[in-house]
Amino acid sequence: MNYTATEMMTVAAARAIRNDDVCFVGIGMPSAACNLARLTHAPDVTLIYESGTIGTKPDVLPLSIGDGELCDTAVTTVAVPEMFRYWLQGGRISVGFLGAAQLDKFGNLNTTVVGGDYNNPKVRLPGGGGAPEIATSCGEIFIVMKQSSRGFVDNIDFMTSLGHGKTGTEREALGIKTRGPSRLTTDLCIMETDPESKEFIVTSIHPGVTRKQIAENTGWAIRFADQVVETPAPNDTELAALRALNERTARAHAGQ
Amino acid sequence: MNYTATEMMTVAAARAIRNDDVCFVGIGMPSAACNLARLTHAPDVTLIYESGTIGTKPDVLPLSIGDGELCDTAVTTVAVPEMFRYWLQGGRISVGFLGAAQLDKFGNLNTTVVGGDYNNPKVRLPGGGGAPEIATSCGEIFIVMKQSSRGFVDNIDFMTSLGHGKTGTEREALGIKTRGPSRLTTDLCIMETDPESKEFIVTSIHPGVTRKQIAENTGWAIRFADQVVETPAPNDTELAALRALNERTARAHAGQ
Amino acid sequence: MTLFVSLKEAIAANVFDGDVVALEGFTHLIPYAAGHEIIRQQRKDLTLIRMTPDLIYDQLIGMGCVKKMIFSWGGNPGVGSLRRFRDAYEKSWPHKLEIEEHSHAAMANAYEAGAAGLPCAVFRGYLGAGLAEVNPNIRFIECPFTGERLASVPSIRPDVTVIHAQKANRKGDVLIEGIVGVQKEAVLAAKRAIVTVEEIVDNFDDVHPNACVLPNWTLKAVVQVPGGAHPSYAKGYYERDNAFYKAWDPIASEREGFQAWMQENVLNAGPEVFASRVAFTQAQK
Amino acid sequence: MTLFVSLKEAIAANVFDGDVVALEGFTHLIPYAAGHEIIRQQRKDLTLIRMTPDLIYDQLIGMGCVKKMIFSWGGNPGVGSLRRFRDAYEKSWPHKLEIEEHSHAAMANAYEAGAAGLPCAVFRGYLGAGLAEVNPNIRFIECPFTGERLASVPSIRPDVTVIHAQKANRKGDVLIEGIVGVQKEAVLAAKRAIVTVEEIVDNFDDVHPNACVLPNWTLKAVVQVPGGAHPSYAKGYYERDNAFYKAWDPIASEREGFQAWMQENVLNAGPEVFASRVAFTQAQK
């Protein structure tokens, strides 16, 4: 089957999710990837949305974290202070998903301001929301983001949430026990965190994508692993599940 | 009608409860007094048991704070951490009830150890439970306790919960904004806290009780207010409601 | 019982110029109708608090009611940014807007600490985060047992909290179900609380004993406003009117269009219009 | 699913000599059956934690399982004192017992902080209280904003928490209803958690969305033990067997009588006896 770059990205992100993971899911691409994983190889994965729905199994992708279906299909729904205290800070989440307007090679993320400085920004973004504590409390962080040299930058304009810090050593210096960003899935490739330097390095390239394309769409000097593989194309099962999910979602939200 | 000293004490304690009070109720005498108030002059009083039942209206007196009826008749039942954080510490309780093995003239209470010292007590009592924070978080504290020179002592053996401190000035020194013990109802009399010295002084003597009896059953040099009144005897309505409550309770717990 | 009043009376008696106000709702049960009444009563110099300020805060800001906003994520969920917020913050229209920015964890903890009567919240947070360098209300303390450095923020204690809930009973106790957010904490943290509800029922006898219920004595005013959370959700009553969230972006994109929309749909309207807006949404389904 | 095991297996696999163990239940849903199994398996040197240790802790102490008890109120509710606890603490029988004593507020906050993954709890407490002078685990910190002196205690992080609940579903999620106490916090604060339940049902489809449910992945073992909270309550199943609470006082009053009772009713018995004890109680009503 033919597939789009977005489908490849979603499928590649979904594959990294394990059946016993407990995922803190954001709306958009992470929500699509996590639910695709649940509908394919990880039927028992626990999906948690920050609105308090624990173990939810929506039939369609939610419009927002307030969707009634997230609550209706959840094992339980808790208040937001409990969500952030007992479940996130309590260390119960194995994988957090984050995206950003800007990220750097250490997985530091900016969703606060672009251009200027914090008090006089060129563009004021919505802000960090749950990201600062998701970044440090989850077992590890998976980032899913369309690749572009505008978003993948050498220096982010504001440290909304800590990845591996400005030098790759900041987590240890701060006594943080969690792994931090370990995987970055884009529409071009998969990057993983180098255990030594903590930089993202390309480990898998999506079919038909060139190294040049990847380098052109990355604002930092991109590194490739010694062994780079080709990402397996989405298989029929994956594509069928993803498309059915997207179709159900489109139908449910028609006119909205 | 004839009545017992315990009935007089219960009725006198109940009368102090106002219709708009929010009471933190303990099992035993406070529970009887609060529910009697609810069944007579204070139908809208809010009764809270520390097990988390808010606005409860039991038909019979509970065996313990775990009674199902407390939950069944409550406006809502919350978890114990919430009870102590949002409701007690949050400053939502107007009246807390406390009793003790020992109390002094400043309303300091001991339910921890008697004799010896803390680490080598003669008698190890159950301990403070909720008392230390009830004593400082409720708007004011009503104490209900059978009077005896063994319990009403000059110096308590352990400061389980703070009344007005060892000199009557400790609450202010600690920055505590709540009133502390304001009223002590016994089987012989009613004492109120002197606004200046913060000592308990007798303001009302139950019918048929003498000043000598009160003095003999008090371990400290008891003081009487300039104007001491006679406590009105329990009226027919009060006695009927109390006895009916006690009968219902006895019937419900028969064989137990 | 004076608890049950009109929305106009509830706002007039409880929301004053210069107040610190939290209109909460974590994407679900957002008190839009009450927010519109605040706009109609032309309150000024408000400090608005909310974890996820969305369109209703955009509207309050654009109409000049707001001096400062304390928040953790300010956007139009699934659509983009809040254009009136950005115009105020970036270009001081209709006037300068101050902000105090936190993370969700910090705000959730600060509401919890406010409900708990504490002066501050203590949590593990802001590790390596840039906000800790630009917000003086983010400080750090040491655990007295382990020495671990923990974050602290001031507790949130609004002058008034406004929420929308599903049901009140005849005594004025209020039931919130489903995605309950931080509403209970926001109410208990506030000096005064106003609740709009979809429905008033005889009693809560069939309600689960551990459901989220606010006793009447924790509230100042309860007002029935069917549809009062439109265009957001009210679980059991209506879904989100997502088309409106999308439509808001062009409406808010320029000042005149925004003002015209507010004149027609808020200033010249009343809380009674919300029921029909919800009916409209449901009929579309 | 290996979550569902026998009570014997659950205790054998999760409770070890020297462990810090919380068997919680705030007067309601006390895990007696599980406590008896710990006694039968002769665990030693346990540190027991509970806000309201009652008869089951008296039994564990009297049988020599306990090195230390951390608590806030240790009595026989409505009856008197715990005689085996006092004999151990005052006279070192069967051996010396250490104690660490707190207030309810401190313990509730410490469980909450444990569930929240924090090293300590911070609250307004112990003002002028004697325990602050004798317990080195009560310390004070300053609010970094107001300077207010606030109490702090270490969070509770048991090796294992044991609770009794009303229902599990076939997946092993557990429902607690009514007086829920600190059980959710105690489970989430622990490294391992064991739950005994009255009943296993197909699903929780009819359960309120905000009811207190512990997802199966927060638990190590779920065991059906009907009557497992006897002589305490299980809301919806049985009331407290108050006669037993009264009867316990003479049973525990002297060492030999206590031992004989334990031999007959605990050591020579198994969890299956609990169902009949509850039936007996109900038949009496």
Side-chain angles (χ1 to χ4, degrees), chain A residues 17-25 38 42-49 51-59 65-96 133-134 136-139 174-178, chain D residues 1-3 108-123 155-158 161 165 167-177 180 182-193 201-220 222:
Chain A
I17 297 162
R18 295 143 297 210
N19 195 41
D20 62 350
D21 270 328
V22 178
C23 300
F24 208 77
V25 188
R38 184 175 60 79
D44 300 322
V45 66
T46 296
L47 304 187
I48 296 182
Y49 290 74
S51 50
T53 56
I54 296 175
T56 186
K57 299 170 191 69
D59 190 50
I65 55 172
D67 270 31
E69 198 193 0
L70 293 180
C71 176
D72 290 336
T73 63
V75 173
T76 185
T77 298
V78 302
V80 165
E82 178 179 327
M83 175 50 61
F84 281 93
R85 283 179 74 82
Y86 293 1
W87 300 88
L88 180 62
Q89 182 178 267
R92 292 191 169 74
I93 317 290
S94 61
V95 178
E133 285 75 21
I134 291 171
T136 55
S137 294
C138 296
L174 287 163
I176 300 169
K177 309 285 189 215
T178 52
Chain D
M1 186 172 308
T2 55
L3 200 59
N109 274 283
Y111 274 119
E112 199 276 347
L118 291 174
C120 62
V122 174
F123 62 107
S155 63
I156 295 174
R157 305 298 302 264
T161 285
K167 289 183 176 76
N169 63 21
R170 300 241 170 258
K171 292 180 177 170
D173 306 315
V174 164
L175 172 70
I176 314 172
E177 292 184 304
V180 295
V182 290
Q183 281 97 308
K184 183 178 201 172
E185 286 75 15
V187 164
L188 296 180
K191 296 193 186 86
R192 303 181 295 278
V201 298
D202 280 345
N203 60 59
F204 287 167
D205 289 353
D206 58 348
V207 168
H208 190 275
N210 306 123
C212 181
V213 173
L214 290 162
N216 55 14
W217 50 275
T218 63
L219 308 171
K220 290 287 185 198
V222 176

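By convention in this document, chain letters (A, B, ...) are assigned in the order of the sequence lines, proteins followed by strands, and residues within each chain are numbered from 1.
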Of A:V78, A:V22, A:D20, the largest count of non-hydrogen pairs under 4.5 angstrom with chain D goes to A:V22
Can you name the closest pair of heavy atoms from A:I54 and D:P215 and give their distance?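 Heavy atoms of A:I54 and D:P215 come nearest at CG2-CG, 4.0 Å.
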- Query: Hey, does D:F204 have a side-chain heavy atom less than 4.5 Å from the side chain of A:V75?
  - Reply: no
Report, one line per pair, each donor and acceptor closer than 3.5 Å where one atom sits in a side chain of residues 111-119 of chain D; sequence neighbours left out.
from: D:Y111; atom 1: OH; to: D:E24; atom 2: OE2; distance (Å): 2.8
from: D:E112; atom 1: OE1; to: A:R85; atom 2: NH2; distance (Å): 2.8
from: D:E112; atom 1: OE2; to: A:R85; atom 2: NE; distance (Å): 2.9

Hits for side-chain hydrogen bond (donor to acceptor under 3.5 Å, both in side chains) against D:K167, two or more places apart or cross-chain, chain-then-number order -> D:Y237
Output for pair (A:D44 CG, D:W217 CH2), nearest 0.5 Å, gives 13.0 Å
If one checks every heavy atom of D:N210 against chain A at 4.5 Å, the contacting part turns out to be both
**Request:** Give a yes or no on this: more than 12 heavy atoms of other residues, nucleotides or ligands lie within 6.0 Å of atom NZ of D:K220.
**Result:**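 Incorrect, the count does not exceed 12.
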Donor-acceptor pair, distance only, cut-off 3.5 Å: does the side chain of A:T76 make one with the backbone of D:A211?
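Flag set: sc A:T76 to bb D:A211 pair under 3.5 Å.
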Cut-off 4.5 Å, heavy atoms of chain D, and the answer for A:T53 is neither
